[in-house]
Every structure is written in structure tokens, then in C-alpha cells.
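Written out below as C-alpha cells is the structure these notes cover.
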Amino acid sequence: VDNHKHLVIVDTLENGWKVIAAVDTEVIIGSLHRFACIFFILFTILLVTLIFFVLNLIFENRKRIKAQKNAETYVREISDVTDHLSNYKRAVLSDALISLEINLSKDELTEGVWVDDNGKEVPLKKIIGMETPGSYDEYITAWNKRFVLNKDNDEFFNSTDRLHLLNVFDKGQTEVTFDYEAKTISGRSTWLRRSICMTRNQSGEVIAFTSVKDIAERVAKERRERAI
């Protein structure tokens with residue numbers, strides 16, 4: 001190295017020294033400094049990328065575990081609601097001349113069973129020309145005109161009206177029961193008791209289970225007792 005801060009590269013000859021190259025040491029130091037800065041920047045980027053990747057893996061794993069737990073909870077809740085509705089349906093609709101399942105929120109008569117005086121099921125289409133599923137509002141209107149005795153038409157319609165049922169359910173009432181005179185599918189005049197039990201399904205929609213039972217013997221017995 002000479003006095004002017006040059007790195008001198010020489011080779012020896014028989015007659016003395018031969019200068020091969022002379023490099024400024026400040027240039028070398030500057031190059032090394034730039035290389036170190038570039039290396040540090042690249043290393044920092046790589047490290048940050050790696051940290052972000054690891055954190056993202058941890059976050060996604062936690063999110064997956066949470067989603068799995070939520071899904072398991074949702075399945076259990078659906079199972080509980082389904083079991084509840086199934087038990088509810090069996091209890092309400094057992095031993096009935098007419099049994100209906102209605103989605104009041106959607107105005108849908110989902111399904112039903114209609115039994116004649118001989119205990120034989122009769123399709124709704126054969127009774128009033130409707131298919132199931134169908135409109136509950138249309139069903140109630142048609143049924144009221146054909147089977148309910150004139151003196152009870154208003155009470156029947158008001159008590160079974162879909163908007164009325166939704167209103168009483170929103171107020172906390174889950175069951176509506178009333179007695180009325182009507183004809184059976186077979187055409188026999190009798191006293192019937194209609195019970196409408198309401199609940200919510202897993203989608204939050206209001207579902208009603210309706211049972212209609214013949215109470216003619218009970219009414220006749222009560223009348224005899226009052227006459228004594």
C-alpha cells in the first residue's frame with residue numbers, strides 16, 4: 001500500500017519489482033459497504049417474509065380450528081332442534097283427523113294428513129284440489145268455505161289467519177286452541193278441536209303444527225252434565 005491509499009499488486013522480476021495493478025482502497029471499502037447494505041436489506045426482507053408466513057400459518061390454523069368448532073356446535077344445535085321438532089310433531093299430531101305442518105313465515109302448507117271417518121288417508125288434491133306444498137292462506141280460505149259451518153266461519157278464519165298467528169307468536173303465545181262445528185271429510189257434521197302449536201326452526205322461521213280432533217262425544221257429555 002502506498003502513501004496515497006492505493007493497494008499495489010506487484011510481481012517480482014529478476015531485475016526488480018513489476019507493478020501489476022493499483023486499486024484505490026476507498027473504492028474497495030465502499031464496494032464492501034454497499035454489498036453489506038444490500039445483503040442486510042435482502043436478509044431483512046427474507047426474515048420479515050418468513051415471520052409473516054409463520055404468523056399467517058398460525059392465524060389460519062386458529063381460524064380453521066374455530067370454524068371447525070363452530071361447525072360442530074351448529075351441527076349439534078341443528079340436531080337438537082330437529083329432535084325437538086320431531087318430538088313436538090309426534091306429540092301434537094297424534095290421533096288426529098287432520099294434521100298439518102305449516103311454515104307461517106313463508107305462507108307454506110308444507111305437508112299434511114287428512115283422514116276420513118273410516119281412518120283412511122285422503123289426498124288434499126282430492127278434497128279441495130290443492131297440492132302440497134302449497135299456500136297456507138289459500139288452504140284456510142278454501143277449507144273454511146267448504147267444511148266449517150256458517151256460524152263459525154268468522155271465528156275459524158280469525159283464529160287460523162297466518163298473520164294473526166305470527167302476531168300472537170311474537171307476543172310469546174305458542175299455542176292457539178279453539179272448538180268449532182264443521183263437517184268431516186266424509187261429510188259428517190261434528191264438533192272439532194283445532195290446536196295450533198308454534199315454534200321456530202333452525203333458520204328462525206315460525207313453524208306451526210296443527211291437529212284437528214273430533215270432540216263430539218266430549219261436547220255431548222258436557223251438555224248432558226249441564227242438563228242434570
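Remember, predicted model here, so these are calculated numbers, not experimental data. Side chains are part of it too, since the values below use all heavy atoms of this structure and drop only hydrogens, waters and symmetry mates.
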### Message
Run Thr177 and Arg193 through side-chain contact (heavy atoms from CB on, under 4.5 Å) and show every step you take.
### Response
CA-CA 7 Å; Thr177 301; Arg193 172 163 293 172; 3.7 Å; yes

### Query
Checking salt bridge (charged side-chain N to carboxylate O under 4.0 Å, His left out) for the pair Glu205/Arg200: CA distance, chi angles, key distance, verdict?
CA-CA 5 Å; Glu205 299 163 341; Arg200 289 192 187 277; over 6 Å; no

### Task
Begin with the C-alpha distance, continue with both residues' side-chain angles, and end with the deciding distance and a verdict on side-chain contact (heavy atoms from CB on, under 4.5 Å) for Thr160 and Tyr136.
CA-CA 10 Å; Thr160 57; Tyr136 172 73; 3.6 Å; yes

### Arg162 and Asp107: CA distance, side-chain angles, deciding distance, side-chain contact (heavy atoms from CB on, under 4.5 Å) verdict
CA-CA 7 Å; Arg162 184 173 62 88; Asp107 179 28; 3.5 Å; yes

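Enclosure of atom CZ in Phe157 is not indicated, since only 12 or fewer non-hydrogen atoms of other residues, nucleotides or ligands lie within 6.0 angstrom. Lys151 NZ: more than 12 foreign heavy atoms inside a 6.0 Å radius. Within a 6.0 Å radius of CD in Glu60, more than 12 heavy atoms belonging to other residues, nucleotides or ligands are found.
At least one side-chain heavy atom of Ile51 sits less than 4.5 Å from a side-chain heavy atom of Leu55. Under the 4.5 Å side-chain criterion, counting only non-hydrogen atoms from C-beta, Ile128 is in contact with Phe147.
Here the closest heavy-atom approach between residue Ile102 and residue Thr210 is recorded as CD1-OG1, 3.5 Å.
Between Trp114 and Trp143, the ring planes lie tilted relative to each other; the angle falls in the 30° to 60° range. Ring geometry for Phe39 against Phe43 counts as parallel: the plane angle stays under 30°, on a 0 to 90° scale with 60° as the upper cut.
Side-chain contact annotation: Thr190 with Asp214, donor-acceptor N/O pair under 3.5 Å present. Side chains of Asp117 and Thr184: a donor on one and an acceptor on the other come within 3.5 Å.
The CD1 atom of Ile41 lies 13.5 Å from the CG atom of Leu46; values are rounded to the nearest 0.5 Å. Here Glu108 contributes atom CD and Asp137 contributes atom CG; the two are 12.0 Å apart, rounded to the nearest 0.5 Å.
Listed for the Arg194 side chain is no donor-acceptor partner under 3.5 Å among the backbone atoms of Val212.
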